[in-house]
Asks: 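My questions all concern the structure below.
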Amino acid sequence: MWRMHRANGLSSHAVIIPRPHGAIFAWFLNGRALGFRHLDDWTSAIHCSDQMQAQNWAIGWRLAADDNDGPPDS
């Protein structure tokens, strides 16, 4: 779903994994799984992802470029 970074070299990312009856939202720090949530549907999983991304942004995380784990070029 998204990848973020911090100036101190940390990276974070999140994924949504489809399931027959819902989805799993999982988040990672420096490539290591930190947690996951089982959700009833994709809408809930996307909402959870958006909330975590907003919380990360509020404490200094920024979106990473698509081609690497570093800061965006612009």
Side-chain angles (χ1 to χ4, degrees):
M1 290 299 304
W2 48 260
R3 291 185 308 127
M4 299 180 93
H5 68 92
R6 288 190 65 123
N8 61 2
L10 292 176
S11 65
S12 176
H13 73 278
V15 297
I16 295 176
I17 304 157
R19 295 180 35 177
H21 301 288
I24 297 172
F25 171 67
W27 57 96
F28 301 80
L29 179 65
N30 289 343
R32 294 185 180 176
L34 283 185
F36 65 94
R37 289 187 60 192
H38 293 271
L39 298 148
D40 293 333
D41 54 42
W42 272 87
T43 302
S44 298
I46 291 170
H47 179 73
C48 189
S49 173
D50 289 347
Q51 281 186 316
M52 182 172 283
Q53 185 180 35
Q55 289 171 344
N56 285 354
W57 184 272
I59 60 171
W61 290 86
R62 295 298 176 254
L63 292 176
D66 288 336
D67 58 348
N68 63 38
D69 286 334
D73 294 335
S74 55

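We use all heavy atoms of the structure for the numbers below, so side chains are in, but hydrogens, waters and symmetry mates are not.
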Asks: Mind listing the closest non-hydrogen atom pair of I24 and R19 along with its distance?
Replies: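 Of all heavy-atom pairs spanning I24 and R19, the closest is CG1-CD, 3.2 Å.
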Asks: Evaluate the side-chain proximity of H13 to W27: yes if any heavy-atom separation is below 4.5 Å, no if none is.
Replies: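 No, side chains not in contact.
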Asks: Working to the nearest 0.5 Å, report the span between CZ of R3 and CG of L63.
Replies: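 If I round to the nearest 0.5 Å, the distance is 10.0 Å.
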Asks: Are M1 and F28 connected in a single hydrophobic cluster, I mean Ile/Leu/Val/Met/Phe/Trp/Tyr linked by side-chain heavy atoms less than 4.5 Å apart?
Replies: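 Cluster IDs for F28 and M1 differ.
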Asks: List the atom of A45, the atom of F25, and the distance in Å for their closest heavy-atom pair.
Replies: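 What the structure gives for the nearest pair is O-CD1, 4.3 Å.
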Asks: What do you reckon, is CG of D50 surrounded by more than 12 foreign heavy atoms closer than 6.0 Å?
Replies: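 Counting neighbours around CG of D50, more than 12 heavy atoms of other residues, nucleotides or ligands fall under 6.0 Å, so yes.
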Asks: In Å, rounded to the nearest 0.5 Å, how long is the span from SG of C48 to CZ of F36?
Replies: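 Between atom SG of C48 and atom CZ of F36 there are 12.5 Å.
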Asks: Verify the neighbour count for atom CZ of R37: are there more than 12 heavy atoms of other residues, nucleotides or ligands below 6.0 Å?
Replies: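 For R37, atom CZ is not crowded (no more than 12 foreign heavy atoms under 6.0 Å).
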Asks: Got a second to check how far I17's CD1 is from H38's NE2, nearest 0.5 Å?
Replies: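 Going from the CD1 atom of I17 to the NE2 atom of H38 covers 9.0 Å.
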Asks: Is it the case that the side chain of N30 and the backbone of S11 share a donor-acceptor pair, with hydrogens and angles ignored and the cut-off at 3.5 Å?
Replies: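 Here the side-chain-to-backbone pair exists.
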Asks: Rounded at 0.5 Å granularity, tell me how far CZ in R6 sits from CD1 in I59.
Replies: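 The CD1 atom of I59 is 6.0 Å from CZ of R6, to the nearest 0.5 Å.
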Asks: Do the non-hydrogen side-chain atoms of S12 and W2 ever get within less than 4.5 Å of each other?
Replies: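 Yes; the side chains approach each other to less than 4.5 Å.
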Asks: Following the transitive rule for hydrophobic clusters with a side-chain heavy-atom cut-off under 4.5 Å over Ile, Leu, Val, Met, Phe, Trp and Tyr, establish whether L34 and I16 coincide in one cluster.
Replies: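 Same cluster.
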